[in-house]
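Reminder, nothing fancy here: chain letters follow the sequence lines and each chain counts from 1.
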Amino acid sequence: MEEKEIIAYKDKSGQIIDTQTAEQTGCNDCEPIYFDNSPEALEVIRHSTAHLMAQAIKQLYPEAKFFVGPVVDEGFYYDFRVDEKIGDSDLKKIEKKMQELAKKKQPIERYCIPKEEAKKKFADDDLKQEVMKRITDDELCIYRQGDFEDLCRGPHVPNTKFLRNFKLTRVAGAYLGGDENKEMLTRIYGIAFADKESLKNYLKMIEEAKKRDHRKLGSELGLFMFDDEAGAGLPFWLPKGARLRAKIEQLLWKAHRKRGYEPVRGPEILKADMWRTSGHYACYGENMYLTEIDGQEYGIKPMNCIGHILIYKHDMHSYRELPLKYFEYGVVHRHEKSGVLHGLLRVREFTQDDAHIFCTPEQIKSVVIDVLEFVDRVMKIFGFEYEMEISTRPEKAIGEKEIWDTATTALKEALDENGFEYGIDEGGGAFYGPKIDIKITDALKRKWQCGTIQVDFNLPERFELEYVDENNERSRPVMIHRAILGSFERFIAILTEHFAGEFPIFIAPTQVIFVPIASEHTAYAKELAGSLMEYDIDCDIDDRNESLAKRVRMAEKQKVPMIAIIGDEEVKSRKVAVRDRRVRKQYDLDAEEFIKLIKEKTSEVRI
RNA sequence: GCUGAUGUAGCUCAGCUGGCUAGAGCACUUGAUUCGUAAUCAAGAGGUCGCGGGUUCGAGUCCCGCCAUCAGCUCCA
C-alpha cells in the first residue's frame, strides 16, 4: 500500500500551516495533514484547486483579472473579470486546461513581500488593489505555480499533482464584495476531493437531490403549478396538492386548539396609515404591494400582525386572560425580487401558520417554552431534525436598546432552561424584535429556515395595547409572533424533498387507491371507498379501461401508500388484496379489517 | 433588481449552417379487449414554436424589447 503523502500541517490552535510556510517559518507541535478527505485536507485541496482554475483561466483568457477564490461549504469558487462572456459550455474547456496543468506536476511556491511592494507589483490590477484594501497585514504572501502568481494567504498543497479529482459545477455572477452597487464579476464554482470515488459519490448525491426537487415532483405528482401569464411566484394548488395541504392544515388546526389558541382572521388589505403606525411602511414598504381605493392608499398585508392587534384592541383584556393566543392561516403577499423566486420555497403569495401571543413580560419565558414544545412535537411528527438560532438587533430597527436586551435575554433563558443548544446570529433580527429561528434538517442533511419565534415590545407600544392588571391599572402587554411551519408553501416544498414524494399515509394526497380488476368489481370498490371517505380518508378508484399491471404501475409511480386490488375472489369473500408501498408487501384482509387498519394508520398521528 | 443560460403539444424532448402543410414518446379522447400486481392493441385529437417588433423573397431558426424559467449574487417564511 502506498503511504499517504503529507500535504500540510495543523498546529495546536487548529490552524492549517501549509508545507511551504512550514519550511520557511517552521512549525512546532504540528500534526501532519495527509492527502485524504478530512475536512482540513479538503480545505487545502479545494483552495489549491481554485488557484489551479485561476491559472487555467489566465491561460485561456490572458486579460483575466482575479478577485477572491475561497473555499465554501460546497467546494470552492473564484471571482474574476474577463472581457468575454463565459457560459456553461466553457467550463469543460477550463476543466481540460486544469487537468493539463495538474499533470505537469508543478510545485507550488510561496514568498512574502511588504504590502507596499505588493501594491506596486499589482499596480495595474484594480481587483488585486481591492483585495489588498481589505487586508491589514503589513506583509503579503504570493503563491506561484509555473508562470502563474496570485496574492494569497494560503494554505496550499505542495504540488499541483494533488489536484486531479475536481469538477467545475456552475458559472454565476457575483457582486464585487457582495455589494449590490458594485460591479458584477464572473464566478465559477467547483468541487474537489482527494480521490475519484468521493467525487463520484458527491456528484451522485447532487443527482439524487435533483430527483427529489420539489418542482419536479410537484408537477409529476400533480401537487401545484405556476402560470407564466398569471404572474411569477404565485402558486396554484392542484387537487392532489390541495389534499395534502388540507391534511396538514387540519392536523395543525386541532393542535392549536388543544393548546389554547383562538382562531381569528384579519382582512387582506388595510389602509396605508395602519402600516405607517406599525412601521412596516417605512421598514418593509419596498416589499409591499400598494394600491389606491377612493383616493386612499391601501397596502396588501405582508404580515398578519396588524389584524391580530386590532382584534386584540377591540376588547378590554384582563391579566386573567393572558397569555392570549390568536392564530390564523394568514395569506400574505410580499414583493420578492424576481431573481429570488424558487418553486414553492420562495414565492410572492404564501400562507403562514401564524400566531400572536399577547402576554406580560414575566410570561415571555414560559410562553416561549410552550412554543418550543409545540415546535418539537410538529418536527418529530414529520421526522425532521432541527436546530435553533437566536437573532439579535439589526441596524434598521425600531425600539429602545434596553427593550431589545430584555427580550433577547428572555429567549436565551427559555432555550437554556430546556437544555436546547442554539447559535447566535448577531444583527439578524426582524426590525421589531429579536427572534429564535428554527432550521429544519432534511433527509439529505440540508438546512432550511421555517419556524420562527419573535418577541415584540414595539408594536404593543405603537398601537397602545393594554390590559388591566391585578391592581386594576392599565399595563402594556408584550407580543410574541410565532410560526411553526413558517409557511405551508415552503414547508410542503421541504416535506416533498425530504420524503422524495413518498408522503407518509397520514398526509398522502391519495391515501388508498382501489384497482378493480374488471368492470364488475367497481361497485364493491366504490362501497369500500365510501366507507373510508366517512373517516376523511382520501381514496381514488382507478377503474379506467387499462390493464391491471398498468394501473398498478401508475399507482406506484404516483407513490400512493396503499393499493387495494379488487377481483372476483375479493368480491366473493368480502376481502381486499392490499399492496403496501411502505413495507413492500402484499397481503389479504377482510374488508372490515382493512378499513380498521387504514383508520388506524391515518389517525395515529396526533400533534 | 443584477450576471449568465434557457423558453417548440399537458409532460420529456427532436427539428443541421433560415427553405415544402412543425415531429416523437408519455399523458389525453374513441374503439376493440374484461385482464390477478410496474406500460394490451388500434385510431384520433392536441402547437398563432413564450409575447411583441424588426431583418429577409422566406424566420421555430438571425437581431431588438418585454415576460417567464433555471444557476448564482443579494434578500427571506
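Between A:Arg81 and A:Glu63 there is no salt bridge, since no side-chain nitrogen of the basic residue lies less than 4.0 Å from a carboxylate oxygen of the acidic one. Taking 4.0 Å as the cut-off between side-chain N and carboxylate O, A:Asp542 and A:Arg544 count as a salt-bridged pair. In summary, A:Lys247 and A:Asp538 engage in a salt bridge, as defined by a charged side-chain N under 4.0 Å from a carboxylate O. Of the charged side-chain nitrogens involved, none lies within less than 4.0 Å of a carboxylate oxygen, so that A:Asp126 and A:Lys128 do not count as a salt-bridged pair.
The gap from the C1' atom of B:C67 to that of B:U55 amounts to 23 Å, rounded to the nearest Å. Nucleotides B:C76 and B:A39 place their C1' atoms 44 Å apart, quoted to the nearest Å. Comparing B:A14 with B:G60, their C1' atoms sit 12 Å apart, to the nearest whole Å. Spacing of P atoms, B:U56 relative to B:C63, comes out at 16 Å, to the nearest Å.
Contacts of A:Phe384 classified as ring-ring contact (aromatic ring centres under 6.0 Å, His included), with partners at least two apart in sequence or in another chain: A:Phe491, A:His498.
Here B:U34 is the nucleotide among B:U40, B:G36, B:U34 with the atom lying nearest to any side-chain atom of A:Glu520.
Under the 3.5 Å distance criterion, the side-chain polar atoms of A:Gln449 are matched with a main-chain donor or acceptor of A:Gly451. Formation of a donor-acceptor pair under 3.5 Å by the A:Thr169 side chain with backbone atoms of A:Tyr189 is found in this model.
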Output one line per pair: protein atom, nucleotide atom from nucleotides 9-14 of chain B, and distance, for all N/O pairs under 3.5 Å.
none

So which protein nitrogen or oxygen atoms get under 3.5 Å of nucleotides 24-28 of chain B's nitrogens or oxygens?
from  : atom 1 : to       : atom 2 : distance (Å)
B:A27 : OP1    : A:Lys550 : NZ     : 3.0
B:C28 : OP1    : A:Arg544 : NH1    : 2.7

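Separation of the A:His521 and A:Phe514 ring centroids does not fall under the 6.0 Å cut-off. Here A:Phe67 and A:Phe80 keep their ring centres 6.0 angstrom or further from each other. The ring of A:Tyr326 has its center no closer than 6.0 angstrom to the ring center of A:His356.
Across all strands, A:Asp568 comes closer than 4.0 Å to base atoms (heavy-atom distances).
Between atom CD1 of residue A:Ile492 and atom CG of residue A:Leu244 there is a gap of 4.5 Å, rounded to the nearest 0.5 Å.
Non-hydrogen atoms lying under 4.0 Å from RNA chain B are contributed by nothing in residues 378-390 of chain A.
The base of B:A39 does not come close enough to the side chain of A:Arg551 for any donor and acceptor atom to sit less than 3.5 Å apart.
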How does RNA chain B read in dot-bracket, base by base from 5' to 3', with Watson-Crick or G-U pairs under 3.5 Å and | used when the partner is on another strand?
-> (((((((..((((.....[...)))).(((((.......))))).....(((((..]....))))))))))))....
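Of the N and O atoms on the side chains of A:Asn304 and A:Gln352, at least one donor lies less than 3.5 Å from an acceptor on the other residue.
The aromatic rings of A:His214 and A:Phe224 lie tilted to each other, with the angle between the two planes from 30° to 60°.
B:U37 atom C1' lies 13 Å from atom CD1 of A:Ile513, rounded to whole Å. Rounding to whole angstrom units, CD1 of residue A:Ile188 and C1' of B:U3 are separated by 13 Å.
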Decide yes or no on side-chain hydrogen bond (donor to acceptor under 3.5 Å, both in side chains) for A:Arg245 and A:Thr351, but give the supporting numbers first.
-> CA-CA 11 Å; A:Arg245 177 173 162 158; A:Thr351 306; 2.9 Å; yes
Once each nucleotide of nucleotides 68-77 of chain B is scored for protein heavy atoms under 4.0 Å, what B/S/- sequence comes out, 5' to 3'?
-> SSSSBBBBBB
